[in-house]
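Here the structure comes first, spelled out in structure tokens, and everything after it is commentary.
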Protein chains: 2
Amino acid sequence: MVKYSRQREGILRNLQSRRDHPTADMIYDSVRKEYPNISLGTVYRNLTFLTETGQILKISTQMGADRYDGFIKPHNHFICRECGMVEDMEYISCDEMILQASGLFPGLIEDCELQFFGKCKNCLSGQ
Amino acid sequence: MVKYSRQREGILRNLQSRRDHPTADMIYDSVRKEYPNISLGTVYRNLTFLTETGQILKISTQMGADRYDGFIKPHNHFICRECGMVEDMEYISCDEMILQASGLFPGLIEDCELQFFGKCKNCLSGQ
DNA sequence: TCAATAATAGTAATCGTTACTATTATTAAA
DNA sequence: TTTAATAATAGTAACGATTACTATTATTGA
């Protein structure tokens, strides 16, 4: 049985109000302004809960800590290999690819993830 | 200046001889049979080197430790959400998608990664 | 054969995350 | 309302994966 918590709501609202794909730690710093006593464990626990209930997205960038995204309309991400910045990109559907792959694979393919890597505008222009 | 090391060669050969996408720790256990004194740090250092020089691939599965792959012909991966198994899949090119995306994005897209998630045959059949 | 230095083994430290526990907050029912 | 059950919390400890450090060993070009 799930009970309401103002901390959880604060975390969700914080994440929905920004588009910078923060880490758990960045969210912690930010939410702490509203709830000075909130603990990092609470942030992690709720990020996991919100991810599992589909209210937010978790992004693994293979560089440093996981990122979170309050914008859940399907879209892709660009990850800068130099500064680690994560930016939204227009959605390119994986549906045909899943279909294509499912015929060849002895298992259940539920979804796929498409991430783009490269250098962002800032890093290209030498900082 | 890069100097030869038998440990590095052992790690590379070990990785090339298997298709199970092992973690650094699994490689360590395995290579230790040939080099009983090899240290985990040496394994990590060389895995990083081999990845950066394009001799192996590093796979982030967003579940547990990173996996490594000695098979570098372009291909995709299926990751089982239940047991974490990583399996090779036929390559589906991202080239058109990179092209498509590049026109819309103010940065340099170098490559993209496509991973499939779901349940493997074993986990589907209830173990 | 030697000198320069890259790579190592072993260990400590770090980072991101999860687990634990006593306390507090929420909620459904009396 | 009060109360009782228990979910969620704060604070902290523990954990797993990875990196950093340092004295020693191995490789290599001269």
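Numbers restart at 1 for each chain; the letters A, B, ... are given by sequence-line order, proteins then strands.
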Need to verify one output field. Residue with the more 5' nearest nucleotide on DNA chain D, A:S39 or B:A65? A:S39
How many whole angstroms separate atom CD1 of B:I38 from atom C1' of C:dT11? 16 Å
Test side-chain hydrogen bond (donor to acceptor under 3.5 Å, both in side chains) applied to B:Q115 and B:E113, step by step: CA-CA 6 Å; B:Q115 285 183 344; B:E113 202 179 297; 2.9 Å; yes
Quick check on contacts: within residues 42-62 of chain B, what sits under 4.0 Å from DNA chain D by heavy-atom distance? B:Y44
Just to be sure I understand the rule, does A:L40 reach a base, reach only the sugar-phosphate, or reach nothing, if contact means heavy atoms closer than 4.0 Å? base
Residues clustering with A:M63 (ILVMFWY side chains joined when closer than 4.5 Å, directly or via others): A:I59, A:I79, A:V86, A:F117
Would you please test B:R13 and B:E34 for salt bridge (charged side-chain N to carboxylate O under 4.0 Å, His left out) and show each step? CA-CA 11 Å; B:R13 274 209 321 271; B:E34 196 177 354; 3.2 Å; yes
Return each pair, listed once, that meets ring pair (Phe, Tyr, Trp, His ring centres under 6.0 Å) where at least one residue sits in residues 28-69 of chain A; pairs must be two or more places apart or across chains. none
So if I apply the side chain to side chain donor-acceptor pair (under 3.5 Å) rule between B:D69 and each of B:K58, B:R18, B:H75, which one comes out positive? B:H75
Side-chain contact test, heavy atoms from C-beta onward, threshold under 4.5 Å: evaluate it for B:L47 versus B:D66 and give yes or no. no
Trace of the side chain to side chain contact (heavy atoms under 4.5 Å, CB included) decision for B:R81 with A:E110: CA-CA 10 Å; B:R81 283 224 176 80; A:E110 289 165 347; 3.2 Å; yes
Would one find a side-chain N or O of A:Q7 under 4.0 angstrom from OP1 or OP2 of C:dA25? no
Tracing side-chain links under 4.5 Å among I, L, V, M, F, W and Y, which residues wind up in one group with B:F78? A:F78, A:M85, A:M89, A:I92, A:M97, A:I98, A:F105, A:I109, A:L114, A:F116, B:M85, B:M89, B:I92, B:M97, B:I98, B:F105, B:I109, B:L114, B:F116
Separation of D:dG16 C1' from B:M63 CE (nearest whole Å): 15 Å
Pair B:K73, B:D88 - check salt bridge (charged side-chain N to carboxylate O under 4.0 Å, His left out), show working. CA-CA 11 Å; B:K73 195 167 140 266; B:D88 288 337; over 6 Å; no
Separation of atom CG in A:N37 from atom C1' in D:dT12, rounded to whole Å: 15 Å
Does A:R6 make a side-chain N or O approach to OP1 or OP2 of D:dT9 shorter than 4.0 Å? no
Distance test, side-chain N/O of A:S5 to OP1/OP2 of D:dT9, below 4.0 Å: yes
Using heavy atoms and a sub-4.0 Å distance, could you list which residues of residues 14-32 of chain A are near DNA chain D? By number, please. none
Would you kindly give the CG-to-P distance between A:D66 and C:dC15, to the nearest whole Å? 17 Å
Verdict with reasoning, B:V2 to B:R8, per side chain to side chain contact (heavy atoms under 4.5 Å, CB included): CA-CA 11 Å; B:V2 177; B:R8 180 185 302 139; 3.5 Å; yes
Can you give me the N/O atom pairs linking the protein to nucleotides 3-6 of chain C at distances under 3.5 Å, or say none if there are none?
| unit_1 | atom_1 | unit_2 | atom_2 | d |
| --- | --- | --- | --- | --- |
| C:dT5 | O2 | B:K3 | NZ | 2.6 |
| C:dA6 | O3' | B:M1 | O | 3.3 |
| C:dA6 | O3' | B:K3 | N | 3.3 |

Can A:T42 and A:S39 be said to form a side-chain hydrogen bond (donor to acceptor under 3.5 Å, both in side chains), step by step? CA-CA 5 Å; A:T42 296; A:S39 82; 3.3 Å; yes
